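A quick write-up on the structure given underneath.
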Amino acid sequence: MGTAPTEIPKAYEPKQVEEKWYADWLAKGRFTADPSSAKPAYSIVIPPPNVTGMLTMGHVLNNTLQDILARRKRMQGYEVLWLPGTDHAGIATQTVVEKTLRKQGVMKHRDDLGREKFLEKVWEWKEKHGGIIIQQLKKLGCSCDWSRERFTMDEAYSQCVLRVFVDLYNKGYIVRGKRMVNWDPAGRTALSDEEVIMTETQGHLWHFKYPLVGSDQFVVVATTRPETMLGDEAVAVNPSDARYTHLVGHRVLLPLRNKQIPIIADEAVDPKFGTGCVKVTPAHDVADYEMALRHKLPFTVVIAPDGKMTEEAGEDFEDLDRFECREAVVEQLKEEGLLLKLEDYTHNVGYSERTNVPIEPYLSDQWFLKYPQVPRSTEAVEKGEIKFSPERWEKTYAHWMGNIRDWCISRQLWWGHRIPVWYRGEEIYCGLEAPKGDGWQQDPDVLDTWFSSWLWPFATMGWPEKTDTLKKFYPTADLVTGPDIIFFWVARMIMAGYEYMDARPFANVYYTGIIRDAQGRKMSKSLGNSPDPLDLIAKYGADGLRFGLMLIAPQGQDILFDEKRCEIGRNFMNKLWNAARFIQMQRATNPPQRPHNAHDLKILFEMNRAIETVSQALDEYKFNEAAKELYDFVWGDFCDWYIEASKVAPNIPVLDEVLGTILRLLHPFAPFITEELWNSTGGDGTIQFAAWPKAHPLAGADAELAARVDSLYEIVTAGRQLRNDYGIEPRKKIRYAIKPSGDEQFFRGETESLKLLLNAEDVTVDAQYAPGGLAPSLVTRAATIFMVGAMDVGAERQRLTKQLADIDKQLAATEAKLANESFVSKAAAVAVQRERDKQQQLREQRDKVDALLRALQ
RNA sequence: GGACGAUUAGCUCAGUUGGCUAGAGCGCUUCCUUGACAUGGAAGAGGCCACAGGUUCAAGUCCUGUAUCGUCCACCA
């Protein structure tokens with residue numbers, strides 16, 4: 001240093017610093033992973049955000065955590081690969097583009113445009129909006145290796161997807177079949193079970209009369225979905241239900257359709273529910289479908305894929321929307337006197353995750369995957385080959401794996417990987433390329449987005465080639481994601497990893513909490529309660545946003561986000577900035593070198609403790625604990641005490657060492673400001689590869705000395721308290737006298753620091769001190785402090801009496817414990833000794849306060 | 001209907017394997033433009049640790065139950 005430092009601004013101004021350093025890092029390839037490096041590998045793959053998405057608070061949380069892990073590992077000497085990329089997000093993206101095109105009047109339905117034209121539009125959209133989120137991640141400071149950025153619809157990645165499909169098809173894991181699936185009438189596609197959200201819905205339970213054929217009697221059925229009755233093929237009762245056994249085999253006349261349908265007996269019917277009679281609609285209800293298979297009933301489709309009624313529903317209802325039809329059916333049945341009653345009824349209805357409309361059970365030809373590697377994947381988590389954190393999610397995983405069902409992977413969409421299967425008459429061909437010969441038609445469907453995402457950890461690394469990257473960086477170390485996608489993504493990646501790499505895709509999974517607003521509501525676009533992270537970065541700096549969030553990100557607990565958090569983060573950065581500024585200014589005064597004093601040793605001791613605490617917390621993914629420790633150490637130990645005390649005689653090497661350690665410990669959390677300060681205080685180009693601090697033993701810096709200094713600080717606090725109690729303004733210099741209980745030498749040596757910390761014009765240290773007259777005083781563990789000058793006998797008596805009462809209360813508790821024989825005989829020896837010491841201490845303190853009080857009489 | 005989580009200061013949360021006077025930030029009160037920092041400093045007020053039992057010398061912490069809130073799973077029409 002030496003040369004006159006350029007003027008450092010009083011307040012930290014993040015904007016320029018952030019831009020400057022991010023550009024520098026990119027230019028120098030700081031984030032680029034080198035597969036040929038001799039260093040041990042550490043890798044993370046990013047949970048790929050939707051390519052056309054915008055950064056949310058969830059992303060900020062998630063990616064800050066990953067960045068912290070990656071940056072720390074670089075400092076610990078690992079060759080780090082944080083592999084970024086984006087997801088084509090099939091149904092989400094297609095839905096958004098369709099909506100936009102409809103709004104623009106380009107089309108009513110995608111069929112108006114046709115596949116080719118429509119896909120062109122989606123690609124246009126992707127070009128326009130794609131990658132915004134990548135720029136946003138850069139603003140946040142993410143240290144991803146952008147040279148390896150991947151997109152799930154990249155040519156190479158797409159090939160991986162198709163290759164896996166063909167392979168699983170050939171192995172018999174992928175099959176085509178006509179099954180009941182979750183159908184989204186708005187998106188007009190099948191969905192997986194995971195994409196259906198069950199929502200409690202207020203509905204009705206209608207009771208209808210179905211007349212018995214050849215009788216004036218009728219049976220009563222109850223339903224929540226009257227419109228499906230148009231497709232009824234039976235009425236079912238439980239075989240053991242004595243009320244109805246005589247009717248089994250009889251027929252009823254299906255109202256409105258004038259069709260005779262049988263009464264059947266089936267175990268699936270619960271006699272205790274409703275009337276015990278169930279209408280059976282084979283084509284529009286999962287349970288009914290299975291019943292129909294058992295009883296060989298026909299499947300009458302009355303609801304079309306677009307949610308409108310079919311011709312089979314009858315001319316009165318054809319072309320009505322399913323919900324309009326519901327009303328119409330009820331109306332007609334009412335007119336015919338067949339509506340017996342109507343009850344309010346709350347039940348669960350499945351909604352499409354994307355289009356938010358009720359799902360229709362729908363019978364159709366789809367592709368299904370029987371999951372590979374289920375036992376091995378289940379066991380991997382059970383036995384700890386893959387660790388979940390927090391552990392409780394292991395149970396959720398095990399439960400899902402234990403009840404795993406085939407995955408419907410085909411989607412009736414256009415945006416995605418087209419299924420590599422071709423048909424010609426009865427022939428079927430599955431392969432990477434279209435088969436030779438004429439007349440082959442490719443399956444029109446595309447694959448579920450997650451069918452590409454589940455290959456992410458290795459498909460991004462060049463698989464199926466055995467690339468250097470794959471060899472060096474697979475398996476990855478940590479995965480950071482939300483627990484909401486355990487089934488969608490995590491579980492499937494594990495199975496794919498074992499199937500194609502014969503190895504786990506990651507060693508640890510850290511599940512973040514969900515970010516909610518200050519009222520605890522989920523952040524959503526419709527509520528408008530989700531702040532734009534870029535606004536927050538502009539206002540508080542990326543470091544401030546990151547740190548503020550980390551401070552409140554407890555392990556796997558939901559996070560109530562409030563902008564106040566960013567303020568805390570920003571203020572902390574500013575505090576650090578000014579501490580560095582102070583050191584810079586001291587350096588400029590060229591203070592003489594001197595041996596370590598008690599304050600120096602104390603801060604070095606605390607520094608060692610901070611290093612250990614932060615390191616361990618990060619090892620255990622306790623990010624908030626690490627952040628908290630940094631906050632307390634920097635603000636409390638370093639700024640409030642050490643820097644203040646050091647104003648007596650600054651010890652530049654110690655100030656530098658502590659600051660340097662702070663910068664390195666803080667760098668993963670706050671990459672920009674630490675890089676800036678590292679370089680402006682003599683650093684060597686970048687802090688990113690500076691060694692992660694290790695606690696080192698230092699002669700004299702021990703717990704005993706730290707405790708002595710603490711007792712000194714305690715005296716300072718007592719002195720300030722006296723000043724405050726007597727309403728003496730902070731700036732006024734006053735006189736104190738200190739009467740130590742022991743260790744007089746130590747306190748005498750601290751006269752100068754005491755004067756400074758107490759803002760005193762004079763501090764007398766004397767073990768035999770007796771005030772000339774009466775003086776306000778406070779008794780601490782190590783000494784009694786007197787404030788010379790002001791005195792108010794009444795107030796003083798009140799204060800001392802209160803203090804005496806406090807001591808007595810504690811003393812009573814301690815003595816009660818020691819009087820308890822079971823405690824003395826059964827408690828651990830250290831616990832007993834601790835109580836004895838405390839008793840001794842309190843007694844001495846009590847005597848002194850008592851004496852002071854008596855002197856006032 | 002199951003499973004999991006939460007309940008500690010006005011608010012948001014810490015509280016490690018049970019053991020000093022239960023902590024922090026925000027907010028609140030009083031004083032302070034003292035040469036790092038008003039995005040700051042000093043000093044305060046504020047808690048039946050949801051409730052009821054139990055284990056223990058000792059429970060915010062362990063066990064059982066209850067209540068409230070939340071999340072996930074589950075095809076009763």
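Reckoned from all heavy atoms, side chains included, excluding hydrogens, waters and symmetry mates. Reminder, nothing fancy here: chain letters follow the sequence lines and each chain counts from 1. Remember, predicted model here, so these are calculated numbers, not experimental data.
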Would you call A/Glu815 and A/Arg843 a salt bridge, taking side-chain N to carboxylate O under 4.0 Å as the test?
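Salt bridge between A/Glu815 and A/Arg843, a charged N being under 4.0 Å from a carboxylate O: yes.
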Please classify the nucleic acid contact of [X] as base, sugar-phosphate, or nothing, using heavy-atom distances under 4.0 Å.
X: A/Val278; result: base
X: A/Asn348; result: base
X: A/Asn820; result: sugar-phosphate
X: A/Arg225; result: nothing
X: A/Ala828; result: base

Using the side-chain heavy atoms of [X], tell me which of these nucleotides is nearest: [options].
X: A/Trp635; options: B/rC57, B/rG40, B/rA36; value: B/rG40
X: A/Cys639; options: B/rU39, B/rA77, B/rA36; value: B/rA36
X: A/Lys395; options: B/rG19, B/rA3, B/rA43; value: B/rA3
X: A/Asn571; options: B/rA36, B/rC72, B/rG40; value: B/rG40
X: A/Ala287; options: B/rC75, B/rA43, B/rC37; value: B/rC75
X: A/Lys802; options: B/rG41, B/rA36, B/rA45; value: B/rA45
X: A/Leu560; options: B/rU12, B/rG25, B/rC31; value: B/rU12
X: A/Pro730; options: B/rU34, B/rG5, B/rA77; value: B/rU34
X: A/Phe487; options: B/rC73, B/rA77, B/rU39; value: B/rC73
X: A/Arg516; options: B/rG44, B/rU71, B/rC73; value: B/rU71

Taking [atom1] from [X] and [atom2] from [N], how many angstroms apart are they, rounded to a whole number?
X: A/Arg834; N: B/rG19; atom1: CZ; atom2: C1'; result: 6 Å
X: A/Ile734; N: B/rA42; atom1: CD1; atom2: P; result: 16 Å
X: A/Tyr397; N: B/rC73; atom1: OH; atom2: P; result: 16 Å
X: A/Asn724; N: B/rA43; atom1: CG; atom2: P; result: 7 Å
X: A/Arg179; N: B/rC75; atom1: CZ; atom2: C1'; result: 16 Å
X: A/Asn624; N: B/rG23; atom1: CG; atom2: P; result: 20 Å
X: A/His347; N: B/rA74; atom1: NE2; atom2: P; result: 17 Å
X: A/Arg799; N: B/rA43; atom1: CZ; atom2: P; result: 14 Å

Using side-chain contact (heavy atoms from CB on, under 4.5 Å), reason through A/Thr396 and A/Phe388 one step at a time and then give a plain yes or no.
CA-CA 11 Å; A/Thr396 306; A/Phe388 281 8; over 6 Å; no
Start at the 5' end of RNA chain B and walk down; is the nucleotide closest to A/Glu290 or to A/Tyr12 reached first?
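Of the two residues, A/Tyr12 wins.
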Check the phosphate of [N] against [X], side-chain N and O only, distance under 4.0 Å to OP1 or OP2. Yes or no?
X: A/Thr717; N: B/rA43; result: yes
X: A/Arg720; N: B/rG41; result: no
X: A/Lys732; N: B/rC32; result: no
X: A/Tyr345; N: B/rA77; result: yes
X: A/Gln721; N: B/rG44; result: yes
X: A/Lys647; N: B/rG35; result: no
X: A/Lys10; N: B/rA38; result: yes

Is there a Watson-Crick or G-U wobble partner for [N] with both distances under 3.5 Å, and which nucleotide is it?
N: B/rU17; answer: none
N: B/rC62; answer: B/rG54
N: B/rC4; answer: B/rG70
N: B/rC28; answer: B/rG44
N: B/rC37; answer: none

Distance between the [atom1] atoms of [N] and [M], in whole angstroms?
N: B/rG46; M: B/rU12; atom1: C1'; answer: 16 Å
N: B/rC32; M: B/rU8; atom1: C1'; answer: 34 Å
N: B/rU61; M: B/rU17; atom1: C1'; answer: 11 Å
N: B/rA45; M: B/rG27; atom1: C1'; answer: 13 Å

Take A/Tyr345 and A/Thr224 through the test side-chain contact (heavy atoms from CB on, under 4.5 Å) and record every step on the way to the result.
CA-CA 8 Å; A/Tyr345 188 68; A/Thr224 55; 3.7 Å; yes
Find the distance between OG (A/Ser646) and CD1 (A/Ile652) and round it off to the nearest 0.5 Å.
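Going from OG on A/Ser646 over to CD1 on A/Ile652, the span is 8.0 Å.
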CG/A/Leu758 to OG1/A/Thr717 distance, rounded to the nearest 0.5 angstrom?
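If I round to the nearest 0.5 Å, the distance is 9.0 Å.
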Determine whether any donor atom in the side chain of A/Glu644 lies under 3.5 Å from an acceptor atom in the base of B/rA36, or the reverse, and answer yes or no.
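Side chain to base: pair found, below 3.5 Å.
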Full working for side-chain contact (heavy atoms from CB on, under 4.5 Å) between A/Ile486 and A/Tyr511:
CA-CA 9 Å; A/Ile486 289 184; A/Tyr511 293 103; 3.5 Å; yes
Between A/Thr228 and A/Asp285, is the side-chain contact (heavy atoms from CB on, under 4.5 Å) condition met? List the steps.
CA-CA 9 Å; A/Thr228 62; A/Asp285 182 277; over 6 Å; no
In this structure, are over 12 heavy atoms from other groups packed under 6.0 Å from A/Arg781 atom CZ?
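No.
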